[in-house]
Amino acid sequence: MTTDKLTRSIQGPILHSFNISTISELLSKQHWSVLKPHLRVTKPATFLDQLLNAGVDSELVFRFFNWSQKEFRFSYGLEENAKVLHFLANSKRAGKLIKAEDVIEDMKAWGISPNVVTYNTLVDGYCKRGSAGKMYKAEAIMKEMLANKICPSEVTFNTLIDGFCKEENVLAAKKAFEEMQTQGLKPNVVTYNSLINGLCNNGKLEEAVDLWDKMVDFGLKPNIVTYNALINGFCKKKMMKEATKVFDDITKQELVPNAITFNTMIDAYCKEGMMEEGFALCSSMLDEGIWPTVSTYNCLIAGLCRKRDLPAARELLNEMENKGLKGNVVTYNILIDGSCKDGKSRNAEKLLNEMFNLGLKPNHITYNTLMDGYCMEGKLKAALNVRTRMEKERKQPNVVTYNVLIKGHCKIGKLEAANGLLNEMLEKGLNPNRTTYDVVRLEMLEKGFIPDIEGHLYNISGMS
DNA sequence: GTCAAAAAAC
């Protein structure tokens with residue numbers, strides 16, 4: 001195709017008419033000027049987001065953005081920049097997080113000074129994407145923000161608090177909560193929701209309830225997110241009576257439960273083996289005018305799998321598809337896990353093939369689950385084949401992969417190989433997690449092996 | 001009007 005033809009094929013009012021593969025082709029050939037008129041008619045952030053969604057390499061998108069900025073210099077506002085940064089920072093497709101400092105440098109070069117929102121976006125990018133030590137980086141950005149005389153806002157603190165909670169560091173989250181008040185910022189509903197959720201997910205239910213009371217005392221009205229977080233807290237502790245009480249309170253407060261509210265309850269019932277209650281709640285959703293989602297069905301399907309009723313689980317998937325809801329990766333992961341636990345790993349692998357045929361992209365969990373299934377059946381060769389398959393799909397083994405394989409090797413007494421895998425994992429810079437510590441290490445110790453992960457273990461236990 | 005919060009699968 002000539003450039004001229006390409007130009008014609010992407011012309012048109014806005015984005016409807018353009019073909020993303022054409023665009024990627026243009027991008028990779030660096031025919032950027034062809035795309036220039038396009039940027040005038042659309043919001044660059046939307047445009048770039050579409051590129052990322054279409055799987056165009058994020059580095060390329062970033063370079064293109066950089067170039068277009070220079071071309072247009074002041075034609076985009078800071079808002080658009082912030083949005084673009086957000087997409088780039090959060091893009092799951094991004095190979096690596098673009099260095100915050102670089103982004104800021106570039107912005108300055110464009111003649112735009114970063115503001116609170118820019119920094120907030122970057123902090124959030126680190127909180128959501130980074131691996132171990134991400135919060136350290138997020139805090140570093142905050143320091144830089146202060147150095148540039150930009151005051152953190154409520155959003156900055158909310159982002160940090162949530163980030164700490166997701167890292168299971170409730171202590172740091174509480175510190176940030178204090179700090180924000182010292183700086184004269186008032187915690188809002190989002191702040192409380194993040195903390196309450198963090199406390200609930202870390203088993204500190206009483207503190208969560210206390211915080212709820214405090215927030216009401218301060219005149220803040222809990223919203224549906226607050227309710228969902230607390231319900232989740234009770235559900236995790238298997239306190240279904242209390243969860244139901246909170247659930248019933250929602251309508252009394254003239255709030256409306258949403259799909260997440262229902263899904264949380266349904267999942268909890270299913271985990272307790274109370275399938276009837278789960279199904280009953282699912283049909284009551286419809287009465288309330290809330291449509292069950294794929295996630296709703298996933299909870300129920302998982303419940304049936306736990307009961308080792310795979311035919312029923314499969315049947316429910318069909319039923320759901322008849323209602324126009326397609327199964328997703330999670331659905332298949334659940335079914336694969338169910339088949340494996342049922343001792344039918346070969347069937348599980350058939351499900352994996354089915355996923356491919358449906359155009360669903362298996363993720364790490366898919367492969368890890370299947371490998372675990374084979375390992376549990378003592379079929380180590382099959383498990384290793386899955387690993388090869390996974391790597392062919394450009395998925396690098398992660399900590400869980402190694403845990404599963406090491407466990408599998410230990411199980412059949414291949415300790416040398418298990419130790420080799422452990423070293424491989426450490427060499428790759430993967431951080432051992434609790435399972436590595438609790439299961440893998442103990443198992444190896446029992447067999448007389450002293451795995452060399454103590455230093456790493458010290459790091460992870462020192463964090464909490 | 002940019003940015004922040006809730007559930008499910010190893």
Side-chain angles (χ1 to χ4, degrees), chain A residues 43 45 76-87 89-90 115-125 127-128 152-163 165-166 180 187-198 200-201 222-233 235-236 243 257-268 270-271 293-303 305-306 327-338 340-341 362-373 375-376 397-405 407 433 435:
Chain A
K43 300 219 165 193
Y76 304 151
L78 184 63
E79 295 130 44
E80 286 304 324
N81 279 319
K83 277 191 206 158
V84 171
L85 292 174
H86 181 245
F87 291 135
N90 285 335
N115 68 1
V116 205
V117 178
T118 321
Y119 281 107
N120 287 349
T121 306
L122 287 167
V123 171
D124 188 48
C127 288
K128 288 222 171 72
S153 66
E154 287 89 346
V155 176
T156 323
F157 279 100
N158 289 351
T159 310
L160 275 180
I161 289 172
D162 191 56
C165 285
K166 298 267 151 69
M180 100 185 256
N188 59 19
V189 185
V190 177
T191 323
Y192 280 98
N193 286 352
S194 298
L195 254 184
I196 288 175
N197 184 47
C200 285
N201 278 328
N223 62 15
I224 191 63
V225 178
T226 330
Y227 275 92
N228 288 349
L230 200 65
I231 289 175
N232 176 43
C235 286
K236 281 233 163 81
N258 59 20
I260 295 180
T261 323
F262 277 97
N263 293 350
T264 310
M265 293 287 292
I266 291 173
D267 190 51
C270 291
K271 282 191 172 137
T293 62
V294 185
S295 308
T296 317
Y297 282 97
N298 285 347
C299 298
L300 292 166
I301 290 174
C305 285
R306 274 183 219 107
N328 61 15
V329 184
V330 179
T331 320
Y332 276 88
N333 287 351
I334 291 167
L335 287 171
I336 288 174
D337 188 46
C340 288
K341 296 254 160 67
N363 59 18
H364 275 100
I365 300 181
T366 321
Y367 292 108
N368 290 343
T369 309
L370 184 56
M371 269 182 252
D372 193 41
C375 284
M376 288 301 114
N398 62 16
V399 190
V400 181
T401 317
Y402 280 103
N403 286 345
V404 164
L405 287 175
K407 226 170 64 192
N433 62 13
T435 311

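Every chain is numbered from 1, with letters handed out A, B, ... down the list of sequences.
- Within 3.5 Å, a donor on the side chain of A:S295 pairs with an acceptor on the base of B:dA7, or the reverse.
- For A:N201, a side-chain nitrogen or oxygen approaches OP1 or OP2 of B:dA7 to under 4.0 Å.
- Comparing B:dA8, B:dA9, B:dC3 against the side chain of A:T121 picks out B:dC3 as the nearest.
- B:dA9 atom C1' lies 14 Å from atom CG of A:L370, rounded to whole Å.
- A:T121 and A:D124 are not linked by any side-chain donor-acceptor pair at a separation below 3.5 angstrom, with hydrogens and angles left out of the test.
- Considering CZ of A:R306 and NZ of A:K271, their distance stands at 5.5 Å, rounded to 0.5 Å.
- Of all the heavy atoms in A:T264 and A:C235, the pair that sits closest is O-SG, 4.1 Å.
- Within 4.0 Å (heavy atoms only), A:K271 reaches sugar-phosphate atoms of the nucleic acid but no base atom.
- Within residues 153-162 of chain A, the residues that have a heavy atom under 4.0 Å from DNA chain B are, in order of number, A:V155, A:N158, A:T159, A:D162.
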For A:N158 and A:N188, what are the C-alpha separation, side-chain angles and deciding distance, and is it a side-chain hydrogen bond (donor to acceptor under 3.5 Å, both in side chains)?
CA-CA 9 Å; A:N158 289 351; A:N188 59 19; 3.2 Å; yes
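- Residue contacts for A:N232: at a heavy-atom cut-off of 4.0 Å it reaches the sugar-phosphate backbone alone, with no base atom in range.
- Contact annotation: A:N197 reaches the phosphate of B:dA7 (side-chain N/O to OP1 or OP2, under 4.0 Å).
- A sub-4.0 Å separation between OP1 or OP2 of B:dA8 and a side-chain N or O of A:N263 is absent.
- A:T261 pairs by the side chain to side chain donor-acceptor pair (under 3.5 Å) definition with A:N228, A:N258, not counting sequence neighbours.
- Checking B:dA5, B:dA6, B:dA9 against the side-chain heavy atoms of A:S194 singles out B:dA5 as nearest.
- For A:N193 and A:N223, the side-chain atoms include at least one donor-acceptor pair closer than 3.5 Å.
- No hydrogens or angles were tested; on distance alone, a donor-acceptor pair under 3.5 Å links the side chain of A:N363 to the base of B:dA9.
- Atom-to-atom, CG of A:N368 to P of B:dC10 comes out at 11 Å; the value is rounded to the nearest Å.
- If you check every strand for non-hydrogen atoms under 4.0 Å, A:I334 touches sugar and phosphate atoms only.
- Among the nucleotides B:dA8, B:dA6, B:dC3, the one closest to the side chain of A:N120 is B:dC3.
- At a threshold of 4.0 angstrom between heavy atoms, the contacts of A:N223 include nucleobase atoms, whether or not backbone atoms are also involved.
- The side chain of A:V190 approaches B:dA5 more closely than any other nucleotide in the set B:dA5, B:dA8, B:dA9.
- Between the side chains of A:S295 and A:N298, no donor-acceptor pair is found at a separation under 3.5 Å.
- Between A:K166 and the phosphate of B:dA4, there is no side-chain N or O to OP1/OP2 separation shorter than 4.0 Å.
- If you check distances only, the side chain of A:N333 never reaches the base of B:dA8 with a donor-acceptor pair under 3.5 Å.
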